[in-house]
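Encoded as structure tokens, the structure appears first; notes follow it.
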Amino acid sequence: MSQSQQCAIALGSNLGDSSAILEAAIVMLAKTPGITVTSQSSWYQTAPVGPPQPDYLNGCVIIDVQLTPQDLLQITLSIEKQFGRERRERWGPRTLDLDILLFDNLIIDTPTLQIPHPRMSERAFVLVPLAEIAPDWLEPISGCAIAQLVQRVDCSGVHPV
Ligand code: GSY
């Protein structure tokens, strides 16, 4: 695959040294052949969505990829694993979460991979950082720009650090 495509990835952590883990995850993405990190949002301290647990640190990156969505998924899962991520409690605390949000304007719905990320449009902790770096990107199912979607959610639990 020679042509590159643009992809948005959400990062989150609420276990361990979250700031160091998230920065190191971006370095690992950037070192991966076929991936170029082109922009990075600020980090945000965010109130947890799900069961009671510590606040998260969240952010987003935009990358250029010369990989298939499935290959990119395997890379994100492998990076999560290297930071000690164990998939135990579904909504529980985690050292590192890497979610593929958008992959160009593709819509993918398989048992292992859904793009756009199925819950991105309702999550302020995703939309606020994404709107900072990609306000005009159209979420392909709704056809709405990220800047529009962020106006529809409660952003009171999302604070830049
Ligand atoms: O889905 C990502 C993991 N996660 C998060 C998160 O990253 N941030 C916040 N604020 N709440 C969350 N709940 C879950 S699960």
Side-chain angles (χ1 to χ4, degrees), residues 6-30 32 35 37 39-63 65 69-70 72-103 106-135 137 139-142 144 146-161:
Q6 209 173 40
C7 175
I9 294 192
L11 301 97
S13 168
N14 72 343
L15 264 186
D17 184 346
S18 294
S19 173
I21 290 168
L22 293 171
E23 292 290 353
I26 293 177
V27 170
M28 290 187 76
L29 280 171
T32 303
I35 294 181
V37 178
S39 50
Q40 178 181 341
S41 75
S42 311
W43 296 118
Y44 294 82
Q45 184 174 348
T46 69
V49 173
Q53 55 188 303
D55 280 357
Y56 278 81
L57 203 56
N58 284 110
C60 286
V61 290
I62 305 296
I63 59 178
V65 284
Q70 282 294 346
L72 181 61
L73 174 65
Q74 292 315 313
I75 286 162
T76 58
L77 292 175
S78 153
I79 294 174
E80 284 182 350
K81 229 175 170 180
Q82 290 173 62
F83 285 97
R85 167 80 184 271
E86 286 172 34
R87 291 182 174 260
R88 280 178 295 192
E89 197 188 341
R90 184 166 184 216
W91 302 104
R94 58 212 52 204
T95 48
L96 177 63
D97 199 72
L98 290 178
D99 285 332
I100 303 173
L101 302 173
L102 298 165
F103 199 107
L106 292 185
I107 297 174
I108 297 172
D109 190 2
T110 70
T112 52
L113 182 61
Q114 290 169 287
I115 297 175
H117 188 285
R119 290 171 293 284
M120 65 173 282
S121 297
E122 64 212 40
R123 290 177 161 180
F125 67 79
V126 167
L127 293 173
V128 172
L130 188 58
E132 186 192 328
I133 54 174
W137 197 330
E139 192 278 332
I141 291 179
S142 63
C144 294
I146 301 305
Q148 287 175 287
L149 293 176
V150 76
Q151 287 175 5
R152 300 179 187 167
V153 295
D154 175 4
C155 299
S156 59
V158 178
H159 305 283
V161 293

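One-based numbering, in listed order, for ligands and for the atoms of each.
Between V37 and the choices T32, I62, I63, the side-chain contact (heavy atoms from CB on, under 4.5 Å) rule is met once, by I63.
Residues passing the side chain to side chain donor-acceptor pair (under 3.5 Å) test with D17, sequence neighbours excluded: none. Remark: S78 engages Q82 in a side chain to side chain donor-acceptor pair (under 3.5 Å) (not counting sequence neighbours). Listed by chain and residue number, S42, Y44 satisfy the side chain to side chain donor-acceptor pair (under 3.5 Å) test with E132 (two or more places apart in sequence, or in another chain).
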- Can you check side-chain contact (heavy atoms from CB on, under 4.5 Å) on V126 and H117, steps first, answer last? CA-CA 10 Å; V126 167; H117 188 285; over 6 Å; no
Q70 vs T112, test: side-chain contact (heavy atoms from CB on, under 4.5 Å). Steps then yes/no. CA-CA 9 Å; Q70 282 294 346; T112 52; 3.4 Å; yes
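Protein residues with any heavy atom under 4.0 Å from ligand 1: T46, A47, P48, V49, Y56, N58, W91, R94, D97, D99, R123, F125.
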